[in-house]
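Any value given below was found using the heavy atoms of this structure, including those in side chains, with hydrogens, waters and symmetry copies removed. Chain letters run A, B, ... following the sequence lines, proteins first, then strands; residues in each count from 1. Computed from a predicted model, the values in this text were never measured in an experiment.
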Number of protein chains: 2
Amino acid sequence: MGKVLRGRSGRRRGAPDTKGEILAAARAVFGERGYDGASVRAIAAAAGVDPALVHHYFGTKEKLFLAAMEIPWDPALIADAIADDSTGVGVGERAIRTFLSVWEQPAGRGPILALLRSAMQHETAALLLRQFVTRAILGRALVAFQGVPDGALRAEAMVSHLIGLAIVRYVVKLEPLASVSDEELVRLVAPVLQRYHDGPFEPGE
Amino acid sequence: MGKVLRGRSGRRRGAPDTKGEILAAARAVFGERGYDGASVRAIAAAAGVDPALVHHYFGTKEKLFLAAMEIPWDPALIADAIADDSTGVGVGERAIRTFLSVWEQPAGRGPILALLRSAMQHETAALLLRQFVTRAILGRALVAFQGVPDGALRAEAMVSHLIGLAIVRYVVKLEPLASVSDEELVRLVAPVLQRYHDGPFEPGE
DNA sequence: GGCTAAATTCATCATGTGTTGAATAATGCG
DNA sequence: CGCATTATTCAACACATGATGAATTTAGCC
């Protein structure tokens with residue numbers, strides 16, 4: 001109790017990773033409130049630190065945001081998990097399973113939630129999300145769509161469904177979708193996603 | 001040029017529908033910037049009016065938001081269009097076509113965009129969106145899922161895909177999805193959505 | 001031990017926000 | 001015409017925000 005009241009000015013004893021704590025707090029608060037909604041003061045408070053320190057380390061709020069969006073999990077791993085064809089199951093199931101593995105734990109959920117929330121209100125963030133999806137996810141996962149006509153389009157449609165799922169399940173919390181079990185979600189969504197891979201799509205039908 | 005500078009105080013000549021203009025401006029600005037991002041001053045400016053007038057008519061910003069979200073198109077019509085089984089095509093195609101008919105024109109896009117954007121940052125708006133989807137859309141469209149096991153879940157999954165589509169196409173603007181033609185989008189998405197209606201879904205597989 | 005550099009806070013600024021109350025101008029009813 | 005009502009703006013408040021520069025305390029090197 002009262003750990004927040006760090007008292008008087010000056011350097012603290014020991015070598016605490018304050019910069020890291022600020023980053024973690026930033027991810028959490030950006031994730032909860034989005035870019036505009038998250039105030040530097042709120043982030044500083046969550047890190048138990050004076051607002052000025054945030055500026056000392058990161059200069060401006062936007063730079064802090066960019067720094068906080070350096071995601072803790074490796075996007076390449078994600079993309080590879082989706083691309084990996086060695087398992088028996090199809091792309092659809094691989095995609096939804098990887099999706100859940102990230103979203104179901106708050107540590108992984110934080111940054112993308114922040115990115116997603118912020119992309120809705122800030123063009124900078126929208127651009128960031130666009131690049132992230134395009135380069136980090138789609139760019140690598142596209143190997144699973146090699147040989148498929150309009151592969152890029154189909155892959156993007158798949159991603160769009162996953163984004164919608166994230167919003168409905170974790171932000172808007174529509175029932176029953178929000179509280180259905182992971183396994184049930186896989187059984188529900190996987191075959192539908194899979195159809196983006198297998199299904200026909202002829203301009204003339 | 002200079003129409004904004006309405007000059008001195010007092011009532012204006014004629015009987016202009018200023019309240020309506022404020023509402024329209026509110027829909028536009030809320031749609032572009034979301035609830036928190038849209039300032040009363042910006043809305044007032046877009047309506048060519050003093051900020052105080054906004055409060056005179058609507059009291060508070062939140063009430064203005066709620067008033068602006070009284071959507072101009074009839075949700076019942078939308079829901080019925082999706083539910084209507086008399087046409088030859090399946091629910092999937094009906095859903096994506098109705099979706100496009102609303103989103104492709106800015107007048108219809110405005111309010112939901114505002115609702116969607118705001119739902120990402122404000123719990124009030126999230127609740128509003130939840131109720132809107134549940135009552136206005138799902139509630140009526142569910143007749144198309146009568147007799148289908150887990151109909152509610154499947155319908156929600158469908159809606160989640162449409163929401164994701166809206167975000168990727170109209171907010172984040174991922175290419176090529178953002179500039180694909182309506183017809184192509186229908187051919188791409190309709191059969192996948194349809195699978196939520198027809199496809200099997202057994203808890204035990 | 002002394003001194004520089006880093007970490008941290010404090011006080012403060014300029015700006016933008018939602019909101020309010022009073023003032024002014026036009027309308028419409030008697 | 002006179003007068004209450006409505007429409008509209010002006011000026012201001014209280015508050016939150018991002019940012020800055022100076023002051024204070026500790027760490028680390030010679």
Of the listed nucleotides (dT19(C), dT8(C), dA7(D)), which one gets closest to any side-chain atom of Y57(B)? dA7(D)

Give every pair of a protein N or O atom and an N or O atom of nucleotides 14-17 of chain C that lie under 3.5 Å apart, one pair per line with the distance.
residue, atom, partner, partner atom, Å
dT17(C), OP1, S39(B), OG, 3.4

Output, in order, the C-alpha distance, side-chain angles, deciding distance and verdict of side-chain contact (heavy atoms from CB on, under 4.5 Å) for Y196(B) and V189(A). CA-CA 8 Å; Y196(B) 271 125; V189(A) 174; 3.6 Å; yes

Nucleotide nearest A52(A) (side chain, heavy atoms from C-beta), chosen from dT19(C), dG21(D), dA7(C): dG21(D)

Atom CD of E21(B) to atom P of dA7(D): distance rounded to whole Å? 13 Å

Separation of atom CG in D50(A) from atom P in dG18(D), rounded to whole Å: 14 Å

Rounded to the nearest angstrom, tell me the gap between atom CG in L53(B) and atom C1' in dT19(C). 14 Å

Counting C-beta onward and ignoring hydrogens, is there a side-chain heavy-atom pair between V49(A) and E21(A) closer than 4.5 Å? no

Quickly work out the I22(A) CD1 to dA7(C) P distance and round it to whole Å. 11 Å

Using a cut-off of strictly less than 4.0 Å, decide whether T60(B) has a side-chain nitrogen or oxygen near OP1 or OP2 of dG18(C). no

Rounded to whole Å, the CD1-C1' distance (I43(A) to dG18(D)) equals 12 Å

side-chain contact (heavy atoms from CB on, under 4.5 Å) between I96(B) and L165(B), intermediate numbers included: CA-CA 10 Å; I96(B) 180 74; L165(B) 219 48; 3.8 Å; yes

Could you state the atom-to-atom distance from CG of L64(A) to C1' of dT17(D) in whole Å? 15 Å

Can you figure out which of dT9(C), dT9(D), dG18(D) approaches the side chain of H55(A) most closely? dG18(D)

Rounding to an integer number of Å, can you tell me how far H56(B) NE2 sits from dA23(C) P? 17 Å

Pairwise side-chain hydrogen bond (donor to acceptor under 3.5 Å, both in side chains) hits with a residue in residues 33-54 of chain A, at least two apart: none

Gap between atoms CG and C1', on D17(A) and dA6(C) respectively (whole Å): 15 Å

Does any pair with a residue in residues 163-173 of chain B pass salt bridge (Lys or Arg N to Asp or Glu O under 4.0 Å), and if so which ones, sequence neighbours excluded? E104(B)-R169(B), R169(B)-D182(B)

Are any of the side-chain nitrogens in E183(B) or R97(B) under 4.0 Å away from the carboxylate oxygens of its partner? yes

May I ask you to decide if the ring planes of Y170(B) and W103(B) are parallel, tilted or perpendicular, using 30° and 60° as cut-offs? parallel

I want to verify a distance call: between dA7(D), dC10(D), dT19(C), whose nearest atom is closest to the P51(B) side chain? dT19(C)

